[in-house]
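Structure record follows, encoded as C-alpha cells.
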Amino acid sequence: PGSERILIAGTGGLSHQLQGQRAGLINYEWDHQFLDQLVGGEPVYNVPFSFRLRGPLDSGALLDAVRAVVARHDVLSCRLVVDGGRLVQARGPAPEPSLAGVDPQALDGRLGELATTRFDLAGGPLLRVELLRLDRDDHVLALVAHHTVLDGWSVGLLVDELRATYQGRPLDPVTSQYADFARCQRERLAGAGLDALLDHWRGRLAGASFPGVPADLPRPPVQTFRGGIERFELGAGLTATLRELAGAHRTTLFAALLAAYQVLAASQAGTDEAIVGVPVAGRTSPQLQSLVGPVSNTVPVRVDLSGDPTFGAALAATSEAMLDAAAHHEVPLGRLVGALGAGRDIGRNPLFGLVFNMETLPTGAGSGELGPGLAVTANGHPNGTVRMDLELTFERNPDGGLDGRLEYNVDLYRPATVRRLATALRGLLAAVAADPDRRLSTIGAISAGRRETQPARSSAGLVSEWLAGSEMNLR
C-alpha cells in the first residue's frame with residue numbers, strides 16, 4: 001500500500017524512510033532467509049538473551065524505555081517479504097514488550113519457550129521482549145530476535161541504550177539506520193568490488209579438501225538442526241598462560257584458541273588442513289560500532305598444517321588467515337558458494353561445518369547496574385538447535401577462566417564423542433601452553449606404540465591419539 005513505510009536496503013539516498021517503495025536486502029539476510037526456508041520450523045536463527053535484574057525496579061519505566069529504544073531503530077520494526085523475486089524489508093508491526101509473573105521454578109521453561117518460538121518473517125514483528133517478574137526485587141528481561149534484524153553486538157548496544165533511557169539520560173540522535181548501511185554495502189559490492197572479493201576467496205580456498213570431523217552416525221539426506229551441548233571450563237591459570245602465549249606471538253587469545261581447534265579438527269579428519277567458520281563483527285568504523293542491525297558475517301578460515309609445524313607456527317598461520325578473512329569479510333556467503341561451484345547441499349552447510357567464536361558484548365553491557373541498586377547480568381540461551389556440525393564457543397567467567405561449550409548436531413555425533421573432543425581440546429591447550437615450540441609430531445610421539453597399530457596419519461592427526469590417552473593438569 002502507498003502508506004506503508006519501507007526500510008530501504010539497496011537504493012536511494014541517505015534518507016532511510018520512504019513511502020511506498022521497497023528495496024532488496026544485503027546478501028547476509030538472503031542467506032538467512034534461504035536457510036530459514038529450508039529449516040521448516042526450527043528456530044535456528046533466533047538470537048535469545050536474558051538479563052537478570054536484581055534490586056528495586058520500576059517495571060513500567062523499563063517497558064517504556066524498551067518502547068523508546070525500539071522506536072529509535074527502524075530495523076527492529078521490520079518484516080521480510082519477497083517482491084518480484086527479491087527479498088525486501090518492509091515496515092512491520094512494532095514489537096510490544098509485556099510483563100508477566102512467573103514462578104521461579106518455571107523460569108527456564110518460559111525462557112526456553114520464548115527462545116524456541118519461530119518468528120513469522122513475512123508478518124513480523126521479528127523481536128519479542130518480555131519482562132518476567134519472579135519476586136518484588138527479582139526480574140528477568142527476556143529478549144529474542146531473529147538474526148536478520150539483530151546480532152550479538154547489537155544486543156549490547158540495546159542494553160546500553162536501555163540503561164541510559166531507564167535512568168533518564170538523553171541519548172545521542174541516531175544518525176543512520178541499518179538500511180543506510182545495507183545500501184552502502186550493496187554499492188561497495190557492485191561490479192568490480194564484488195569480483196575482487198570473489199577472486200580473493202577463490203584463491204584462498206582453491207583445492208580445499210577438509211572433510212570436517214568424522215561423524216558417528218550417517219549424515220541425513222536433509223540437514224537437521226537438533227543440537228546438544230557439552231560444557232567444560234579452562235581454569236584461570238591456563239587461560240592466563242594462553243593469553244601470554246598469544247601475546248608473545250603478537251596475536252590474541254582468540255587466535256590461540258582457534259588454532260588449537262583447527263589442529264584438533266585436522267587431527268580428527270586425518271588431514272593437514274582445517275577450515276573453520278569464524279563470525280566477524282564487521283564494526284570497522286565508529287559509525288558502525290553504534291549501529292543496531294545484523295552487521296556480522298561468518299567467513300571461512302583455512303589453515304595449512306602441513307610440514308609438521310610447531311604450535312607456534314600453527315598459531316602464526318591461524319592469525320594470518322584470521323586477519324585475511326576479516327579483511328575480506330564482506331563477501332556474501334551465498335555468492336561465494338556459487339562462485340566456488342560448491343552448490344547447495346541440503347544435507348550440510350556449504351564451505352564449512354565447524355564454527356568458532358568468543359562471546360563478548362560491547363561497552364560492559366553484560367553486567368553492572370541498570371539503575372541505582374539494580375544489578376543486571378546477561379545470559380545467552382541455547383535453544384536446542386545448532387546451525388553447524390560442531391560449534392565451539394568460549395565466554396569469560398568471573399573467576400578469570402573461560403567457560404566453553406561445544407554444541408553439536410545430535411543426528412551426527414554421540415555425546416561421548418563430543419565429551420572426548422572437549423577433553424582432548426583442553427589437553428591440547430594445556431600441552432601447547434607448557435611448550436608451544438614442540439612440533440605436532442613430537443606431541444603425538446608420546447604414544448608411539450599405539451601409532452604402530454593405526455593407519456598412516458598426518459602429523460597433526462597424531463595429536464588426538466596422544467591426547468585421548470593422556471592425563472594432564474588442565475588448571
Side-chain angles (χ1 to χ4, degrees), residues 210 213 230 232-276 278 301-323 354 356-358 390 392-396 400-406 419-448 450-451 457-475:
F210 178 62
V213 174
E230 176 66 25
F232 61 99
E233 182 182 355
L234 304 183
L238 175 57
T239 301
T241 303
L242 290 170
R243 188 176 284 111
E244 293 173 1
L245 165 63
H249 286 78
R250 299 180 180 274
T251 188
T252 63
L253 177 62
F254 185 106
L257 296 168
L258 173 59
Y261 190 35
Q262 298 268 23
V263 169
L264 181 63
S267 74
Q268 294 295 306
T271 64
D272 280 327
E273 72 167 7
I275 300 177
V276 173
V278 175
V301 175
R302 181 187 186 187
V303 174
D304 181 2
L305 297 171
S306 63
D308 192 17
T310 64
F311 182 78
L315 174 56
T318 298
S319 181
E320 185 277 329
M322 187 176 70
L323 292 174
L354 280 66
F356 172 80
N357 196 17
M358 284 188 70
L390 292 167
L392 174 63
T393 305
F394 284 104
E395 300 179 55
R396 294 177 176 86
L402 294 171
D403 292 328
R405 69 175 187 264
L406 188 54
R419 192 174 306 116
R420 177 179 58 80
L421 290 173
T423 299
L425 180 64
R426 290 194 302 166
L428 174 58
L429 288 167
V432 300
D435 185 1
D437 295 325
R438 293 172 60 182
R439 295 189 179 275
L440 300 182
S441 62
T442 67
I443 298 176
I446 295 176
S447 57
R450 181 184 305 175
R451 191 190 329 162
R457 300 290 299 278
S458 65
S459 60
L462 299 175
V463 176
S464 63
E465 297 175 6
W466 167 63
L467 291 173
S470 65
E471 294 292 336
M472 303 198 64
N473 179 6
L474 304 179
R475 297 286 176 177

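One-based numbering along the sequence shown.
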From the list V263, L390, V213, side-chain contact (heavy atoms from CB on, under 4.5 Å) with Q268 holds only for V213

Side chain to side chain contact (heavy atoms under 4.5 Å, CB included) filter on A317, not counting sequence neighbours, yields V303

Taking every heavy atom of A256 against every heavy atom of F311, the minimum-distance pair comes out as O-CZ, 3.7 Å

Donor-acceptor pair, Q262 side chain versus V301 backbone, under 3.5 Å? yes

Notebook entry, point to check: Are L392 and L257 close enough that some pair of their side-chain heavy atoms sits under 4.5 Å apart?
Noted result: no

Report yes if some heavy atom in the side chain of L354 is under 4.5 Å from a heavy atom in the side chain of I275; otherwise report no.
no

CE of M358 to CD of E395, rounded to nearest 0.5 Å, is 9.5 Å

Measuring only between side-chain heavy atoms, which start at C-beta, is L253 closer than 4.5 Å to L402? yes

CG of L440 to OG of S267, rounded to nearest 0.5 Å, is 9.5 Å

Subject >> Heavy-atom donor-acceptor pair, S319 side chain to L315 backbone, under 3.5 Å >> reply: no

- Message: Suppose we call two aromatic rings close when their centres sit under 6.0 Å apart. Are F254 and F356 close by that rule?
- Response: yes

CG of L323 to OG1 of T318, rounded to nearest 0.5 Å, is 10.5 Å

The side chain to side chain contact (heavy atoms under 4.5 Å, CB included) partners of A316 (sequence neighbours excluded) come to none

Shortest non-hydrogen pair, A314 vs P309, comes out as N-CB, 4.4 Å

Note: L406 and A422 closest approach over all heavy atoms is CD2-N, 4.2 Å

Smallest heavy-atom separation, G401 atom then T239 atom, equals CA-OG1, 3.6 Å

(message) Quick one, M322 and T252 - any side-chain contact, counting heavy atoms below 4.5 Å?
(response) yes

Between P436 and T310 the two heavy atoms that sit nearest each other are O-CB, 3.7 Å

Can you confirm whether R426 sits close enough to E233 that some side-chain heavy atom of one is under 4.5 Å from a side-chain heavy atom of the other?
no

